[in-house]
Every structure is written in C-alpha cells, then in structure tokens.
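The block underneath contains the structure these notes are about, expressed in structure tokens.
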Amino acid sequence: MKDTAVRVADFKDSIFGVISKLAREHNAVNLGQGFPDFDGPDWIKEVAYQKMKDGHNQYAPFMGTQSLRQEVSLYYKKFYGLSYDPEKEITITVGATEAIYLVITALINPGDEVIVLEPFYDSYVASIKMAGGIPVPVTMHAPDFTIDKKELENAISPKTKLIILNNPHNPTGKVWSREELLDVSLLVEKNDLYLLSDEVYEFLLFDGVKHIPTATLEGMMERTITVSSAGKTFGLTGWKIGWICANEKVTKACRLVHQYVTFAVSTPMQEAVAVGLTKLSDYLPDFVNLYRSKRDFFYNELKNLGFDFKIPKGTYFMMVPIKNKTTLKDVDFALKLIQERKVATVPPSAFYLKSTEGESYLRFCFAKKEETLKEAAKNLQGL
Ligand SMILES: Cc1ncc(COP(=O)(O)O)c(C=O)c1O
C-alpha cells in the first residue's frame with residue numbers, strides 16, 4: 001500500500017494522550033489534562049437545551065450565527081473598546097484550534113517562516129507544517145518566561161510572515177505586560193508582519209491583572225488576528241466554540257478555508273454561547289474566584305513541598321521547576337510521578353523546538369475539583 005502524506009510523517013501522538021493513557025493505567029490523579037474535571041454552569045447548559053428544543057438544529061450560516069457574531073463584537077467593544085464588524089471581521093470556528101489552523105492555512109505559503117514563542121501550544125507548529133511553512137522558535141526564557149528583544153529581532157527574516165503569541169500563556173501561566181507586548185508589536189510593524197494573538201485565557205486572570213488584547217496596541221488592530229474561544233471561559237471545553245477577529249481581507253481568506261474544512265459549527269451551542277456572552281459581567285467574578293481559590297490552594301501545597309516558583313497570574317496552569325527535587329529530566333520525572341506518586345503532569349519539553357529549558361519543569365493543571373487537588377497534594381507529600 002502507498003505511504004500516507006509526507007506532511008504528517010513526523011507527527012507524533014500528542015503528549016496529552018500519552019500522559020492520560022499512563023495516568024489511567026496507573027490510576028493516577030490527572031493534573032496533566034488542560035481542562036476542568038468538573039462541569040460548567042447549569043444555566044448555560046439549560047440555554048443550550050432550550051435552543052435545541054426551539055429548533056436551532058440545522059446548519060448554521062458558515063461564518064457563524066448572526067447572534068454569536070453580534071455578541072462577540074459587542075463584548076470586544078464593551079471590555080476592550082475594539083470595534084469588529086460582525087459581517088466582515090468575525091468568524092465562528094470549532095474552538096480556537098480550528099481558528100489557528102484557518103489563520104495559518106489562509107496566510108502561509110510553502111517556505112514562509114512563522115515565529116513561535118516557545119513553550120507553545122502544540123497545534124501551532126503542526127498547523128504551520130501542514131501549510132508547508134517553517135516554524136522558527138524564539139524562547140521565552142525561564143524563570144519569568146521573558147523574550148530577549150534582540151533574539152526575536154534576529155529570528156525575523158525576509159521570509160517571516162507571522163508571529164504567534166499566546167497571552168495569558170499556556171503552559172507557564174504568564175501574563176504579558178504592556179511593555180513586553182509593545183516590544184513584539186513594534187517588530188511586527190517594522191517588518192510588515194501579521195500577529196496571531198491566541199487569547200483563549202483572556203478571562204482567567206488573577207490578583208487584579210487586566211487583559212491587554214494585542215489588537216488594542218497602537219497600530220496593531222489591522223495586523224493582529226485575535227483568536228479566542230468559549231471553552232475556558234465557561235468551563236465547557238467540549239463545546240468547541242471559538243472565533244477569529246481579523247481585518248476584512250484576512251477574514252475572507254479564513255472563511256474560504258473554513259467553508260471547506262468544517263463548513264459550519266454546531267448551531268445550538270453557538271446560540272447558547274451567544275447568550276452566555278451577554279452575561280459575562282455577572283458571571284466572571286464568581287468564575288475567577290473559583291479558579292483563584294484553586295490556584296492559591298495548590299500553589300501553597302507545592303510551596304510547602306519545597307517547590308520554589310512565582311504564583312501564576314493567569315490561566316489554570318503552573319510551570320513548576322523540578323531541579324531542586326530531581327536530577328531527572330521532565331519526561332522521566334513525570335513518568336516517575338505517575339508510577340510512584342500516582343500524580344500525572346505534563347512534561348513541557350514537548351512544547352519546545354529549540355531550548356532545553358523545559359526539561360527542568362513540569363506543568364500542573366489546577367482546573368480540578370477540590371478533592372482532586374487534595375488527593376494530588378496528599379500523594380505528593382514527602383516528595
Ligand atoms: C493556548 C491555547 N490555545 C488554544 C487552545 C484550544 O482551544 P479550543 O479548545 O477552543 O480549541 C488551547 C486549549 O488548551 C490553548 O491552551
């Protein structure tokens with residue numbers, strides 16, 4: 001039988017699948033998977049059911065339902081002062097993952113270079129490769145996961161077309177400062193690039209930190225393609241409703257790809273998320289409090305165990321240094337914790353192409369029930 005396509009030849013099973021399988025085999029508490037082990041709020045699930053009963057069950061318009069595009073546009077205006085035309089600049093996708101794929105496929109020609117800031121969400125590099133593009137890694141250096149401006153500038157070549165930035169950042173929990181975002185955006189402008197800003201954790205911010213959408217920086221509205229999704233915000237990652245906000249030209253190209261990849265996105269779920277977005281102001285304070293208390297609890301547990309790191313200001317991840325605990329690298333230490341401590345984490349070296357800095361860390365996800373976090377902390381006692 002003939003071979004499958006070269007473009008997938010070097011793809012491997014994602015680290016999440018591998019860790020989850022091992023966690024199941026060893027009956028370990030799973031703090032590896034990046035999603036809650038509890039359900040999102042009942043009220044939005046009831047809206048979804050009602051929307052189904054009301055007959056919102058056939059194909060939606062391919063660019064997304066009118067109601068959801070409208071509500072996405074309204075929240076960007078209300079929260080950030082950004083104006084996106086729901087007809088021409090907003091597209092609904094199957095989660096942020098499809099959004100990322102569409103943007104990269106719509107922009108990248110074979111041989112184009114795309115700068116990825118490592119550690120990165122793993123779909124970026126896969127999407128770049130599927131488009132025939134070349135991922136060019138620039139490291140966010142530990143312990144604060146900052147980029148070196150010169151390193152970034154040196155990574156840009158005449159072939160560079162796009163930089164991908166994720167804020168708030170998975171896996172580190174870092175929230176980019178305005179100054180850091182400005183450093184990147186000045187290089188984007190100077191070199192006539194696009195910036196893909198993955199902001200799926202935009203509402204998961206703690207300690208009074210405010211989200212700064214990259215598109216709000218001077219000169220960046222036209223060049224920034226913002227991707228977000230409802231999964232994290234409503235604790236319903238399985239709903240897979242995401243969106244792209246971009247200028248008309250980029251939106252047109254993304255929609256052309258979308259119509260042949262998924263064509264349309266689940267109608268009742270879009271309708272429910274549209275209602276959910278109207279309730280953000282009431283919903284967010286409790287949502288953030290819930291995750292903040294989980295973060296504080298688990299951070300204190302890890303501190304008491306002797307792990308030394310700064311408390312993350314965003315997302316539901318902690319990137320925890322392991323050097324003072326082991327001479328093993330992340331992958332081996334993660335395996336050891338699963339086997340001997342019954343706690344599963346993600347070894348972050350999978351999120352790097354260039355640097356080995358990830359080998360001295362593990363990523364813990366604290367989006368878990370209180371009892372799950374307590375059990376993990378108990379299993380780790382005496383480590
Ligand atoms: C940084 C980042 N971007 C995108 C996604 C994908 O989001 P979605 O589930 O909406 O496809 C995730 C999910 O974990 C993520 O962490």
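Sequence positions, counted from 1, serve as the residue numbers for this chain. Every number for a ligand or one of its atoms is a count from 1 in the order of the listing. Reckoned from all heavy atoms, side chains included, excluding hydrogens, waters and symmetry mates.
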### Task
Could you check whether the rings of Tyr80 and Phe203 sit parallel, tilted or perpendicular, using 30° and 60° as the cut-offs?
parallel

### Task
Determine the interplanar angle of the Tyr75 and Phe79 rings, folded into 0 to 90°, and report it as parallel if under 30°, tilted if 30 to 60°, perpendicular if over 60°.
perpendicular

## Note on the structure
So for Ser229 against ligand 1, with non-hydrogen atoms under 4.0 Å, the contacting part is side chain

#### Entry: ligand 1 versus Thr97: contacting region, heavy-atom distance under 4.0 Å
both

As a check for students: among [options], identify the option with a heavy atom nearest to [atom].
atom: atom 9 (O) of ligand 1; options: Glu98, Glu199, Gln33, Lys240; answer: Lys240
atom: atom 16 (O) of ligand 1; options: Trp243, Phe317, Tyr201; answer: Tyr201
atom: atom 5 (C) of ligand 1; options: Phe35, Tyr121, Phe120; answer: Tyr121

Using a 4.0 Å cutoff against the non-hydrogen atoms of [X], which atoms of ligand 1 qualify?
X: Gly95; result: 10 (O), 11 (O)
X: Asn166; result: 1 (C)
X: Lys232; result: 12 (C), 13 (C), 14 (O)

### Query
To the nearest 0.1 Å, how far is atom 3 (N) of ligand 1 from its closest protein heavy atom, and which atom is that?
Asp198 OD2, 2.5 Å

### Message
To check your reading of the model: name the closest protein heavy atom to atom 7 (O) of ligand 1, its residue, and the distance in Å.
### Response
Ala96 CB, 3.6 Å

### Task
Taking the six-membered ring of Trp176 (Phe, Tyr or Trp), confirm whether the NZ or CZ of Lys174 is under 6.0 Å from its centre and within 45° of its axis.
yes

Going by atom types only, do [X] and [Y] share a side-chain donor-acceptor pair under 3.5 Å?
X: Thr226; Y: Thr224; result: no
X: Lys77; Y: Ser83; result: yes
X: Glu89; Y: Thr251; result: no
X: Thr262; Y: Glu98; result: yes

